[in-house]
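Every heavy atom of this structure was used, including side-chain atoms; hydrogens, water molecules and symmetry mates were not. Quick note on labels: first sequence line is chain A, next is B, and so on, each numbered from 1.
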Amino acid sequence: MAGSNPNAKPMNLTLKVWRQKNRNTNGQIVDYQVRDISPDMSFLEMLDVLNEDLLRKGDEPVAFDHDCREGICGSCNLFINGRAHGPEAGTTTCQLHMRKFSDGDTITIEPWRANAFPVNKDLSVDRSAFDRIIQAGGYVSVNTGGAPDGNEIPIPKEIADRAFEAATCIACGACVASCKNSSAMLFVSAKVSQLALLPQGNVERKTRVENMVAQMDKEGFGACSNIGSCAAECPVGISLENIAILNREFLSAKATSNNLA
Amino acid sequence: MSWINNTLSSSIGRKIIMAITGLFLCSFLVVHLIGNFQLFKGDGGLAFNTYSHFMSTNPMIRVAEIILVAGFAFHIYEAVVLTRRNQAARGNQKYVVSHIEQNSDWKSRNMGILGSVILVFLIVHLYNFYYRYHYEPLPFDSQNNKNLYAVVMTSFQTWWYVALYVLAQIALCYHLLHGFASGFQTLGLNHRKYTPVIKAVGYAFSIIVCAGFAAMPLYFFIFKS
Ligand code: HEM
Ligand code: SF4
Ligand code: FES
């Protein structure tokens with residue numbers, strides 16, 4: 001990583017920001033100017049500058065979600081210039097740096113848009129639909145008692161690696177936001193295949209996929225058209241192969257489970 | 001049997017129906033293409049007319065025809081249901097600025113439009129050849145078969161007819177450039193060994209099949225009129 005660059009010139013930018021009071025009102029785009037933005041700032045720091053300006057003027061700051069600011073919590077969800085998490089592949093918004101933009105640029109910032117993700121305020125959306133999908137089956141049963149031995153259950157490294165890759169999903173929702181169908185299949189498939197690959201996931205293997213898909217549909221997410229926007233925009237690179245695994249798991253669970261509903 | 005109903009009306013279940021019917025329709029395209037290649041035989045259409053007679057009278061073929069109609073019906077029905085559901089999932093407020101073209105292919109996002117072009121074509125096509133063959137008086141050829149070849153020839157001497165056919169084949173080609181491999185993915189058949197092969201076969205299939213069909217109207221228009 002390059003350190004701060006003393007020659008980098010500060011930038012002046014026009015921001016077109018989605019402002020919306022709450023869930024029940026309509027929002028609109030509002031224009032703002034920000035000045036002297038360092039190319040070394042992260043995108044969120046640039047928004048901090050905007051909010052300080054707004055506070056100084058006595059205006060309401062722009063609401064946006066953030067927490068870790070290091071790419072692991074999945075809360076900094078902004079749709080920037082028509083792309084989830086902005087123009088750079090494989091990053092969250094907190095990892096996006098202003099050096100990706102140029103002096104004089106106009107940047108449009110919108111919230112994730114999906115029926116299942118209602119806007120709380122401005123750029124902050126309610127992603128609790130994801131929590132409900134996880135509650136429906138994204139867990140494993142663990143026996144109480146003494147901690148098991150580290151290597152008691154042998155798992156081939158290749159399988160462990162694939163499960164780990166799927167487990168890196170940070171539940172940011174960029175897949176839903178970038179999908180033309182607002183489909184949550186990539187998110188659901190990451191969790192289902194992670195647990196389907198591992199022996200620990202075996203106990204609930206069939207009910208998990210049945211319940212998670214049912215909840216996904218109930219929340220009003222769209223279906224998958226195998227377009228691939230999700231995988232292209234996913235900050236951690238969850239692949240479409242997981243969606244195929246999800247479909248297989250779903251079909252075989254439906255065909256063989258004891259669940260008649 | 002509510003579990004069957006729930007499976008088939010879930011988002012994944014509907015996509016699985018699309019994939020099975022779509023790949024089944026692909027197999028139909030192969031049969032249809034090979035049979036119709038007899039148009040190029042240069043025998044004044046005798047072989048083609050014999051084949052047409054067989055296809056419209058053989059009981060096995062009539063059964064296959066019913067399955068084919070059902071395949072189209074389910075494919076189109078699920079296409080409409082899924083497309084509407086997918087559009088509703090975005091909500092009332094669309095993105096003000098969207099650059100989805102930077103992360104995906106046009107054809108994969110427009111399967112509904114491509115399918116609709118195919119559907120319009122299909123209606124014209126069925127009226128012109130299927131309906132007229134079965135329900136309108138046609139001349140007979142020297143072997144006493146209905147002379148469908150003559151109908152083909154006159155149809156393909158009309159420029160707009162040829163244009164519609166070629167356009168529909170382009171739409172079908174794009175539909176399959178995405179659809180062929182997409183169908184396998186939907187069925188869960190994704191494997192690092194085989195998926196690259198499926199994609200390559202899908203590309204070759206789409207181009208060869210659609211070029212083959214498009215060659216027929218062009219052949220008659222250019223060489224027989
Ligand atoms: C010979 C004609 C056709 C063939 C061979 C064909 C084949 C296919 C295949 C293989 C797929 C991929 C399924 C998947 O993604 O799992 C597909 C998808 C699709 N087809 Fe067709 N199709 C045909 C006609 C039509 C027609 C007439 C329509 C609509 C009026 C249509 C609409 C669609 C739509 C909307 C999809 C995408 C569904 C989605 O991913 O959400 N197709 N088709
Ligand atoms: S699959 Fe990728 S884009 Fe979707 S929620 Fe997980 S990390 Fe985010
Ligand atoms: S703030 Fe946690 S991922 Fe960006």
Q | More than 12 heavy atoms from other groups under 6.0 Å of CG on A/N258 | A | no
Q | B/K94 NZ: over 12 foreign heavy atoms closer than 6.0 Å | A | yes
Out of [options], which one racks up the most heavy-atom pairs below 4.5 Å with chain B?
options	result
A/G82, A/P111, A/A231	A/G82
A/E249, A/M185, A/K16, A/E233	A/E233
A/N247, A/N259, A/N226	A/N226
A/N181, A/L251, A/L246	A/N181
A/A214, A/S229, A/A89, A/A255	A/S229
A/A261, A/G220, A/G228	A/A261

Is there a donor-acceptor pair closer than 3.5 Å between any side-chain N or O of [X] and the backbone N or O of [Y]?
X	Y	result
B/N86	A/G222	no
B/N190	A/A244	no
B/Y95	A/A177	yes
B/Q185	A/L240	yes
B/H178	A/S225	yes
B/Q93	A/R113	no
B/S2	A/L260	yes
B/R109	A/I227	no
A/D217	B/S11	yes

Which heavy atom of [X] sits nearest to which heavy atom of [Y], and what is that distance?
X	Y	value
B/R90	A/S182	NH1-OG, 2.6 Å
B/V96	A/I29	CG2-CG1, 4.0 Å
A/A223	B/L82	CB-CD2, 3.5 Å

Is any side-chain heavy atom of [Y] closer than 4.5 Å to one of [X]?
X	Y	value
B/N6	A/E210	no
A/F79	B/V97	no
B/W3	A/S257	no

Can you tell which part of [X] gets under 4.5 Å to a heavy atom of chain A, answering side chain, backbone, both or neither?
X	value
B/R192	side chain
B/A88	backbone
B/T186	both
B/I16	side chain

Could you look at [X] and say if it's the side chain, the backbone, both or neither that has a heavy atom under 4.5 Å from chain B?
X	result
A/E241	both
A/V176	backbone
A/T108	side chain
A/N26	neither
A/I245	neither
A/C179	backbone
A/A232	side chain
A/F221	backbone

Q. When rounded to the nearest 0.5 angstrom, what is the spacing between NZ in A/K180 and OG in B/S104?
A. 9.0 Å
